[in-house]
Amino acid sequence: MDAPKTLAEMTVNERRELIDFVVSALEGTAEEAEEQGDRLSASNSHNLALAIRGYATELATRDLRAAELLLQQGMSLVAASLSRPDRPLH
C-alpha cells in the first residue's frame, strides 16, 4: 500500500479525483439527509459540494491551501453524517 500523499505531492489528476470523490460523497450525504427530513444538513452538504465543484479547477491547480480547507470541511461533514446515531442502516 502506498503512503498517503499531501495535496502538494499529488498530480493535478489525483487532486481532481479526490475533489470528485469528496463532492460525490457530499451529494450522497445531502440526498440522505433530505430523505430523513434534515433540511439543514442537506443544505450544508449540498452547498459545500457546489462550492467545491464550482471552484474545482482552481483547487486542483493553483489554490492548494483553499483546496485543503474545503476538502477537510467536506470530509468532516460526511464523517459527521455517517456517525449520526439516527442514521438508517442500508
Side-chain angles (χ1 to χ4, degrees):
M1 185 170 161
D2 294 332
K5 295 180 181 179
T6 65
L7 286 178
E9 295 169 333
M10 290 180 179
T11 66
V12 171
N13 284 336
E14 289 172 327
R15 286 185 217 132
R16 286 189 175 129
E17 288 176 9
L18 178 59
I19 289 166
D20 287 342
F21 179 81
V22 172
V23 167
S24 293
L26 283 165
E27 291 169 341
T29 298
E31 287 176 24
E32 189 173 289
E34 187 69 35
E35 289 170 5
Q36 295 174 1
D38 185 351
R39 288 183 169 185
L40 180 59
S41 292
S43 179
N44 286 340
S45 294
H46 179 73
N47 289 333
L48 185 52
L50 286 175
I52 293 171
R53 190 173 302 284
Y55 198 47
T57 299
E58 288 292 317
L59 296 176
T61 59
R62 293 184 205 121
D63 201 346
L64 298 186
R65 180 64 182 140
E68 182 180 336
L69 292 171
L70 286 170
L71 292 172
Q72 284 176 351
Q73 289 298 310
M75 290 183 275
S76 294
L77 198 53
V78 170
S81 172
L82 293 173
S83 68
R84 288 177 50 180
D86 59 340
R87 182 176 181 266
L89 300 175
H90 295 281

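Residue numbers start at 1 and run along the sequence shown.
- Remark: Asp38 engages Ser41, Arg84 in a side chain to side chain donor-acceptor pair (under 3.5 Å) (not counting sequence neighbours).
- Residues forming a salt bridge (Lys or Arg N to Asp or Glu O under 4.0 Å) with Glu17 (at least two apart in sequence, or on another chain): none.
- With hydrogens and angles disregarded, no donor-acceptor distance shorter than 3.5 Å links the side chain of Ser43 to the backbone of Arg39.
- Between Gln73 and Leu77 the shortest side-chain heavy-atom distance does not fall below 4.5 Å.
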With a 3.5 Å cut-off and sequence neighbours excluded, list the donor-acceptor pairs that the side chains of residues 20-31 form with protein atoms.
unit_1: Ser24; atom_1: OG; unit_2: Asp20; atom_2: O; d: 3.0
unit_1: Glu27; atom_1: OE2; unit_2: Arg53; atom_2: NH2; d: 3.3
unit_1: Thr29; atom_1: OG1; unit_2: Ala25; atom_2: O; d: 2.9

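- At a threshold of 4.5 Å between side-chain heavy atoms, the hydrophobic network of Ile, Leu, Val, Met, Phe, Trp and Tyr places Leu64 and Ile52 in two separate groups.
- The structure places NZ of Lys5 at 7.5 Å from CE of Met10, a figure rounded to the nearest 0.5 Å.
- Residue pairs that meet the salt bridge (Lys or Arg N to Asp or Glu O under 4.0 Å) test with at least one member in residues 64-78, sequence neighbours left out, are Arg65-Glu68.
- By the side chain to side chain donor-acceptor pair (under 3.5 Å) test, Glu34 is found to be paired with no residue, residues two or more places apart in sequence or in another chain being considered.
- What you find for Ala60 and Arg16 is that their closest heavy atoms are CB-CG, 3.6 Å.
- Judged purely by atom type and a 3.5 angstrom limit, Glu14 uses its side chain to pair as donor or acceptor with the backbone of Thr11.
- A 4.5 Å side-chain heavy-atom check between Leu48 and Asn44 finds every atom pair outside the cut-off.
- Looking only at side-chain heavy atoms (C-beta outward), Leu71 and Leu7 come within less than 4.5 Å of each other.
- Side-chain contact between Met75 and Val78: absent, with no pair of heavy atoms (C-beta onward) separated by less than 4.5 Å.
- With sequence neighbours left out, the side-chain contact (heavy atoms from CB on, under 4.5 Å) criterion links Ala80 to no other residue.
- Pairing each heavy atom of Ser81 with each of Glu32, the nearest pair is OG-OE2, 4.3 Å.
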